[in-house]
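We number each residue from 1, following the sequence as shown.
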Amino acid sequence: MTAPDENQEGNPQLPFGQQGDGQPSVPQESGQTEQFPTGQSYPAGQPYPPNGQSQPPIDDTQRSGFFNYPSMTDSGQQSAFTRGPFDQGNFQHSNGSGMKPPSRAPLNFMIFAGFVLVIVIMGIFIFRVFRMGQEIATSDNSDSTSSLSTPATDSSGDAEETTTVDQVAEARAAVVALSTDPTCTNVSDATTPIIALASVSNESSDSTVITDALAALSEKCGADFTIELQDGLTTDSAPTSLRTLASDTSWWYLQKAAPEDAVSVQDFTTQVNNIRCVFGDDDVACSIYVYDYVSPTGCEGRTATYTLGRTGDVLADCESELNATTVLDYGTTVEYNGFACTLDQTTGIECWSELSGHGFQLRRAAGTTY
């Protein structure tokens, strides 16, 4: 009997070792051929054909896993041909159980990756610890430097504070001496210590000390010294606070103060309008138009004008005629910028400097100065 054709359609070859009835085949003698019934399928798991015979078709279920096909060798011993998945042509012979051991490559890769990961984590940890150590060391050095330099700074601050305190105390003592024993010989002997104290101290108590000294000097040294002292303390070289204080006339010693009920106007005249007065920044002047007394020298028949400054004597001339718009009643007292005037129907108009006490009195019948 001849073997069926390998390429005949509908007549596939059965695996070697299995007969058409499903029973294992018996090895044939040399020169004999195994016969398989036509139309039989070849069940899985049967011995693989020996060398020289065709490989039967393999379905999808036979393409996964490892399949062993035991067969008989020429010597009569059983051996195993192992086929890997999706590999129809490679057959490996195994002397063991007939199964190829699984590969250890994935496990080795995982072990290697874990080892590398551990090394990376340890490196990061060591780097962080090293950085923290550097930061702590830097912080400690900075604190040490700061602690070492602090005493020097404090010492310098204490020295400056001590120097300032000594300067203030010295300047204050000099100004207090002006209050207790004022000297009227030279104005600069008073202005120098006062400016020194105002330059190193802004305390209100020291402002009071300066004000007391100015008042004592004004009272003892008179109007002229007072004006010179004020001029010396209101220059650009003096502190602003001192210029403001000295410009105020509240520390002046007034030889003849204005009555408390005095009104403040810049010019005035009487209802008769014969005497007209005007206050200036540092003087007061009145013009009399009709008078019966002897006129000032060179003013016969002309309007006479009397002028008084804060200090000094009264000046009379006929070089100007003053006009005023504010009409005041008799019995009124006027005060403006350190000068005062009274209006009386009998005695006329009297004006004076509060600081010096000098003044003049005008009426139609007479004119006097003092």
Measuring from Ser179:OG to Leu214:CG, what's the distance to the nearest 0.5 Å?
-> 8.0 Å
Cut-off 3.5 Å, side chains only: do Tyr293 and Arg364 have a donor facing an acceptor?
-> no
The complete set of side-chain hydrogen bond (donor to acceptor under 3.5 Å, both in side chains) pairs with one or both residues in residues 189-205, sequence neighbours excluded, reads Ser201-Asp206
Pair Lys256 + Glu350: basic N to acidic O under 4.0 Å = yes
Take atom CG in Asp281; do more than 12 heavy atoms of anything else shown fall under 6.0 Å from it?
-> no
Spacing of OG1 belonging to Thr368 relative to OH belonging to Tyr306, to within rounding of 0.5 Å = 8.5 Å
When rounded to the nearest 0.5 Å, the distance separating OG1 of Thr333 from CG of Leu343 is 8.0 Å
Can a donor-acceptor pair be found between the side chains of Ser264 and Glu335 at a distance below 3.5 Å?
-> no
Spacing of Leu328 atom CG and Thr269 atom OG1 [to the nearest 0.5 Å] | 8.5 Å
More than 12 heavy atoms of other groups within 6.0 Å of Glu260 CD | no
Within one Ile-Leu-Val-Met-Phe-Trp-Tyr cluster: Val187 and Val175, side-chain cutoff 4.5 Å = yes
Point-to-point distance, once rounded to the nearest 0.5 Å, from CG of Asp313 to NE2 of His358 | 6.5 Å
Would you kindly say whether Thr185 and Thr183 are connected by a side-chain donor-acceptor distance under 3.5 Å?
-> no
Taking atom types as modelled and ignoring hydrogens, do the side chains of Ser287 and Thr305 form a donor-acceptor contact shorter than 3.5 angstrom?
-> yes
To the nearest 0.5 Å, atom OG of Ser356 lies from atom CG of Leu308 at 6.0 Å
Are Arg276 and Phe268 in a cation-pi contact, defined as NZ or CZ under 6.0 Å from the six-membered ring centre and within 45° of the axis?
-> no
Please, which pairs that meet ring pair (Phe, Tyr, Trp, His ring centres under 6.0 Å) have at least one residue in residues 316-351, sequence neighbours excluded?
-> Phe279-Tyr336
